[in-house]
Trainee: 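Below are the structure tokens for one structure; questions will follow.
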Amino acid sequence: MIAELGHYALILALGLALIQSCIPILGARTQDPALMSVAGPSALAQFGFVAVAFAALTTCYVISDFTVANVFENSHSAMPLLYKITSVWGNHEGSMLLWVLILSLFGALVARFGSNLPMTLRANVLAVQSWIATAFYLFILITSNPFLRLPQAPAEGRDLNPILQDIGLAIHPPFLYLGYVGFSITFSFAIAALLEGRIDAAWARWVRPWTLAAWVFLTLGIAMGSYWAYYELGWGGWWFWDPVENASFMPWLAGTALLHSAVVMEKRNALKVWTILLAILAFSLSLMGTFLVRSGVLTSVHAFANDPTRGVFILVILATFIGGALALYAWRAPMLKQGGLFAPISREGALIFNNLFLTTACATIFIGTLYPLALETLTGTKISVGAPFFNMTFVPLFIPLLVVVPFGPMLAWKRGDLLGVAQRLLGALAVAVIAIAVTFTIAGQGSLFAAFAIGLAFYVMVGALTDLAERTNLFREPATSSFTRARGLPRSVWGTALAHFGLGVALLGVVCETKWGEERIAAMKPGQTVSISGYDITFDGIVRLDGPNYQELRGKFTVRSGGVVFEIMEPSKRSFPSRETSTTEAALMTRKLSQVYISLGDPSSDGSIAVRIYHKPLVLLIWLGAVVMALGGALSFSDRRLRVGAPKPASAKTALQPAE
Amino acid sequence: MTRKQRRFALIGTGLAVLALAAALVLSALKESIVFFNSPTDLVEKHIAPGTRIRLGGLVKPGSLMRGDNLLIRFEVTDGNRETPVVYQGIVPDLFREGQGVIAEGALDPQGTFRADTILAKHDEKYMPREVADALKKQGHWKDRQ
């Protein structure tokens, strides 16, 4: 009954989406307010129905209703409640339902908070949003219906893939989808602008918060996924340049570029055509990410299903939206008016530089990810493009970008003074040189590149702070007056500095982990000790335990340093009988920002067990940096200027809604 | 500068960066592409020792031997031919006889494949697609649906 209710609600949402796809756009054409105003309530109702569908599926999971095929395939009555809920999106059908839930949520938010948008723009945006929704409702109902029943109810479910039974799964997919789907709004705005053939700074003021919100979630989602892979897969790696990771990284790069070009558009009314293109590209790459992951063309932990009809269906959605959007762009973009002039050395110039390198880096990843697929389709030759390719292309393209990062916020609009900014950045440069010298002295030969990378990280971090110091006249005025200035700075300035600072932090973590991480692989017998980076790690033995739906082999390791016991670490291997599969649960010991990481391999007949031990210096900075970047984005998001309706400062207080 | 000159400079810079990226991509592709081969391909294509490749197939039942220091030897088969493989290290959770495997490394002059990476498999049902195709080619694939 509950499943049928959900199914029915989803069909109703489809019906509403079909109406919302046509009527408001017709209204915008004929300037008919009655037709245009259909969009708002319809978007809210759509969200309501999808929420009912999602709640229905969640209920089926919580009560372990194994007559529903989807629940049977992916749940188990012995699973903890949290994992029963997260299993809802731990499979293909459910995750697509989450996708449309977020899509309709964003549509509803535009409807709810967009009352101060021009009426035609609002109608068009909601209509385009509905086109996307229609395509995905059809996709779910035709190829991936989560509400199908089984003819005979099995007594027990087949359990969720064990490596997905983790708290990371509770957070990673929803955040990633909030990011992916968030770009659907900027896409809808871009298409609406092209349909109207008109675009102005107010448009950018609307688009930027959406981009920021999507970007913040995507940043957190990617960071969370990376940390999850790091501790759950047991290989100690945090980024593999796996096609699925790339699929989420490409929209991030395009979104980051969009974020920066939207600033130029908002402030200077320039780069309109380019911003529209980026908005289309960012969402296209998100759609492509969905296609790559969901169609089964890639085999990976994320590819839940290998059903060709789904692949073809998503490919058609992909071709229609990307092809259609780009065709519309080619037709209508030349009509958009040119914006303000600026010299190459200016903040606009720096932001164009940023865009150029970000999109180029994105393009190289695109090639590396899709080239093997294209080659196999065309010639049948099977190749793999591994991490070396991405390191060799991505790193050289990112270095110039990082060098320019501190310049951007400090250059003036329109015409900047490069020499003046360089002088003000001398402090950052000095810190960088000291960092290089210190690193080189401590680490010695063979660390030249790493030393420079560390110098670059410090330069980016101090450069971000320099901007704040300059703006507050720090050290040049009494502290109290600097403090007053600091309070007066717009939050977006703080956000920019924080995000750029986070970039430097992440870079520092990446360099330290890559260069000075240590690894020991050994077959250890109880009583044996392995030394790594100043820690002596003794293997004490192994115990067998029973979990709720698994058996566990748990090792016990004592970590000592200079004879003092630091910590007992207990990595384990779990085997799940219902799936005939096993997982590796690594043990982590965090000391400041560095970690010792132990994961177990197979036991052998002589009583020893294979053990991997890593020491990862400053590894936490990688994710911490990403979190700082996201915080910067969030801070910028809360900037008053970005709250829509800013022209009316008097009523701004009541319009402070957090969710915009 | 006039608008035209500015646009020209902008497009010029853009093209220069793209050219740089293209050069990077081409040189990186040349060095880092790894071809996938089955044991039959190894013989038929006369893969030279030392060339880095991916070898895929099934771990031949009864061929797995564990030595000291995490050394393992096994044979990879596509049903037609077998290639001996040597690997030192920890194998993924679901590495076992009769299951699909992809090993990355190179042949030594004696014809033994020295692997430095054994690719992880996440799921009981999951068969690397390349391996499934290689087995189909040799006529040893049964749909297990």
Side-chain angles (χ1 to χ4, degrees), chain A residues 161 163 233-235 296-301 303 306 338 341-344 349 352-353 356-357 360-361 363-364 367-368 371-372 375-376 381-394 396-397 400 521-523 573 575 579-584 599-602 604-605 610-612, chain B residues 1-3 6-7 9-10 13-14 16-18 20-38 41 52-54 56 66 68-72 88-96 102 104 117 119-134:
Chain A
N161 188 343
I163 64 165
L233 298 182
W235 310 329
V297 293
L298 302 172
T299 38
S300 98
V301 54
N306 233 326
Q338 288 289 339
L341 277 173
F342 54 89
I352 288 180
F353 188 91
L356 190 60
F357 276 85
T360 312
T364 61
I367 291 171
Y371 180 61
L375 194 69
E376 190 183 335
T381 315
K382 293 186 177 69
I383 60 161
S384 71
V385 173
F389 169 85
F390 296 101
N391 293 335
M392 282 166 71
T393 53
F394 188 75
L397 284 171
I521 296 180
K573 259 182 114 69
S575 61
R579 281 255 178 178
E580 290 178 52
T581 182
S582 55
T583 63
T584 307
S599 69
L600 294 182
D602 292 318
S604 38
S605 46
V611 178
R612 266 181 232 241
Chain B
M1 276 198 278
T2 63
R3 187 182 277 265
R6 262 178 205 157
R7 186 178 291 170
L10 200 64
T13 323
V17 174
L18 278 183
L20 171 79
L24 282 172
V25 164
L26 289 178
S27 71
L29 274 182
K30 213 180 207 172
E31 287 182 35
S32 60
I33 280 187
V34 182
F35 285 86
F36 176 88
N37 291 281
S38 68
D41 293 335
R52 199 173 166 75
I53 59 160
R54 281 187 170 189
R66 288 180 193 270
D68 290 338
N69 270 333
L70 305 173
L71 193 77
I72 58 163
Q88 188 165 28
I90 295 181
V91 290
D93 283 340
L94 284 170
F95 175 86
R96 50 178 94 135
I102 293 181
E104 197 169 316
T117 312
L119 287 198
K121 220 168 46 125
H122 293 305
D123 180 346
E124 164 68 13
K125 280 178 293 183
Y126 158 45
M127 170 75 73
R129 204 165 41 88
E130 293 88 346
V131 173
D133 289 350

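Lettering of chains follows the sequences in order, A, B, ..., and the numbering in each one begins at 1. Just so it is clear, the values below take in all heavy atoms, side chains as well, and ignore hydrogens, waters and symmetry mates. Remember, it's a predicted structure, so these values are computed and weren't measured experimentally.
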Trainee: Atom CG in Leu70(B), atom CZ in Arg612(A): separation rounded to 0.5 Å?
Mentor: 9.5 Å
Trainee: Nearest 0.5 angstrom please: Ile383(A) CD1 to Phe36(B) CZ, how far?
Mentor: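 Answer for the CD1-CZ pair, Ile383(A) versus Phe36(B), is 13.0 Å.
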Trainee: Evaluate the side-chain proximity of Arg66(B) to Asp602(A): yes if any heavy-atom separation is below 4.5 Å, no if none is.
Mentor: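 Yes. Closest side-chain heavy atoms under 4.5 Å.
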Trainee: Using a 4.5 Å cut-off on heavy atoms from C-beta on, say whether the side chain of Tyr371(A) contacts that of Val25(B).
Mentor: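 SC-SC contact between Val25(B) and Tyr371(A) ruled out.
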Trainee: What residue in Val34(B), Leu18(B), Leu24(B) has the most heavy-atom pairs under 4.5 Å with chain A?
Mentor: Val34(B)
Trainee: Please give me the minimum heavy-atom distance between Gly14(B) and Leu356(A), naming the atom from each residue.
Mentor: CA-CD1, 3.6 Å
Trainee: With rounding to the nearest 0.5 Å, note down the distance linking CG in Leu29(B) to CD1 in Ile367(A).
Mentor: 7.5 Å
Trainee: From Met392(A) CE over to Ser27(B) OG, what is the distance, rounded to the nearest 0.5 angstrom?
Mentor: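 Here the rounded value is 4.5 Å.
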Trainee: Could you tell me which portion of Glu31(B) (side chain, backbone, both or neither) has an atom closer than 4.5 angstrom to a non-hydrogen atom of chain A?
Mentor: side chain
Trainee: Report yes if some heavy atom in the side chain of Ile33(B) is under 4.5 Å from a heavy atom in the side chain of Val385(A); otherwise report no.
Mentor: yes
Trainee: Please give me the minimum heavy-atom distance between Ile521(A) and Gly89(B), naming the atom from each residue.
Mentor: CG2-CA, 4.4 Å
Trainee: On a heavy-atom basis, which atom in Thr393(A) and which in Ala28(B) lie closest, and how many Å separate them?
Mentor: CG2-CB, 3.8 Å
Trainee: Search all heavy atoms of Ala21(B) against all heavy atoms of Thr364(A) and return the closest pair with its distance.
Mentor: CB-CG2, 4.1 Å
Trainee: Kindly compute the distance separating CZ (Phe342(A)) from CG (Leu10(B)), expressed to the nearest 0.5 Å.
Mentor: 6.5 Å
Trainee: Which one of Pro400(A), Gly349(A), Ala523(A), Gly386(A) has the most heavy-atom pairs closer than 4.5 Å to chain B?
Mentor: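 Greatest number of close heavy-atom pairs with chain B: Ala523(A).
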Trainee: Could you tell me which non-hydrogen atom of Gly601(A) sits nearest to which non-hydrogen atom of Ile90(B), and how far apart they are?
Mentor: CA-CG2, 3.8 Å
Trainee: Taking side chain as everything from C-beta outward and backbone as N, CA, C, O, which of these in Leu20(B) sits under 4.5 Å from a heavy atom of chain A? Side chain, backbone, both or neither.
Mentor: side chain
Trainee: Checking Ile352(A) against chain B: side chain, backbone, both or neither under 4.5 Å from a heavy atom?
Mentor: side chain
